[in-house]
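Only this structure's heavy atoms are used, side chains among them; waters, hydrogens and symmetry mates stay out.
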Amino acid sequence: MTKLIPIFINGTNWIQLSQLQGDQARKLKSWIPQNCLKNVRYQGLLLKDCLDFETYDLWFRTQQVSEPKPGLLDF
């Protein structure tokens with residue numbers, strides 16, 4: 001799983017759910033409360049479905065731990 005690089009806006013690091021692959025976005029969206037997603041203005045643009053990077057990072061690390069790692073002899 002590839003980790004997103006945050007966007008620094010108004011003193012906070014953000015990621016956009018729409019930047020995630022479909023399966024990752026669905027898993028993350030089901031893991032967080034709906035009110036965690038925010039609309040953030042950046043250089044005159046309204047970025048929808050933004051999540052603070054700390055929450056995303058926690059979810060990402062949780063997913064890395066819970067996913068089974070392939071064994072040396074798994075073919």
Query raised in the report: Under 4.5 Å between side-chain heavy atoms, hopping through other hydrophobics if needed: is there a path connecting F60 to L37?
Result: yes
Query raised in the report: Hey, what do you get for CD (Q19) to SG (C50), rounding to the nearest 0.5 Å?
Result: 9.5 Å
Query raised in the report: Any side-chain heavy-atom pair from T12 and F53 closer than 4.5 angstrom?
Result: no
**Report entry** Trace of the side chain to side chain contact (heavy atoms under 4.5 Å, CB included) decision for Q24 with W59
**Finding:** CA-CA 10 Å; Q24 289 178 335; W59 172 82; 4.2 Å; yes
Report task. State, yes or no, whether a side-chain contact exists between L28 and Y56 at a heavy-atom distance under 4.5 Å. Result -> yes
**Report entry** Residue K48 excluded, over 12 heavy atoms near NZ under 6.0 Å
**Finding:** no
Query raised in the report: W31 and I15: same hydrophobic cluster, using ILVMFWY side-chain contacts below 4.5 Å?
Result: yes
Query raised in the report: Does some side-chain heavy atom of D52 sit less than 4.5 Å from a side-chain heavy atom of N13?
Result: no
**Report entry** Criterion salt bridge (charged side-chain N to carboxylate O under 4.0 Å, His left out) on D49 and K38, from CA distance to verdict
**Finding:** CA-CA 6 Å; D49 72 347; K38 307 291 182 193; over 6 Å; no
Requested in this report: Return yes when atom CG of N10 has more than 12 non-hydrogen atoms of other residues, nucleotides or ligands closer than 6.0 Å, and no otherwise.
Outcome: no
Query raised in the report: How far does CG of N39 sit from CD of Q16, to the nearest 0.5 angstrom?
Result: 9.5 Å
Query raised in the report: Going hydrophobic residue to hydrophobic residue with side-chain gaps under 4.5 angstrom, can you get from L58 over to L4?
Result: yes
Query raised in the report: Counting heavy atoms not belonging to I5, are there more than 12 under 6.0 Å from its CD1?
Result: no
Query raised in the report: Shared ILVMFWY cluster between V40 and L17, side chains joined below 4.5 angstrom?
Result: no
Query raised in the report: Which atoms form the tightest heavy-atom contact between R41 and I9, and what is the distance?
Result: O-CG2, 3.5 Å
Query raised in the report: Would a 4.5 Å heavy-atom cut-off, applied to side chains only, mark K29 and Q34 as touching?
Result: yes
Requested in this report: Return yes when atom CZ of F8 has more than 12 non-hydrogen atoms of other residues, nucleotides or ligands closer than 6.0 Å, and no otherwise.
Outcome: yes
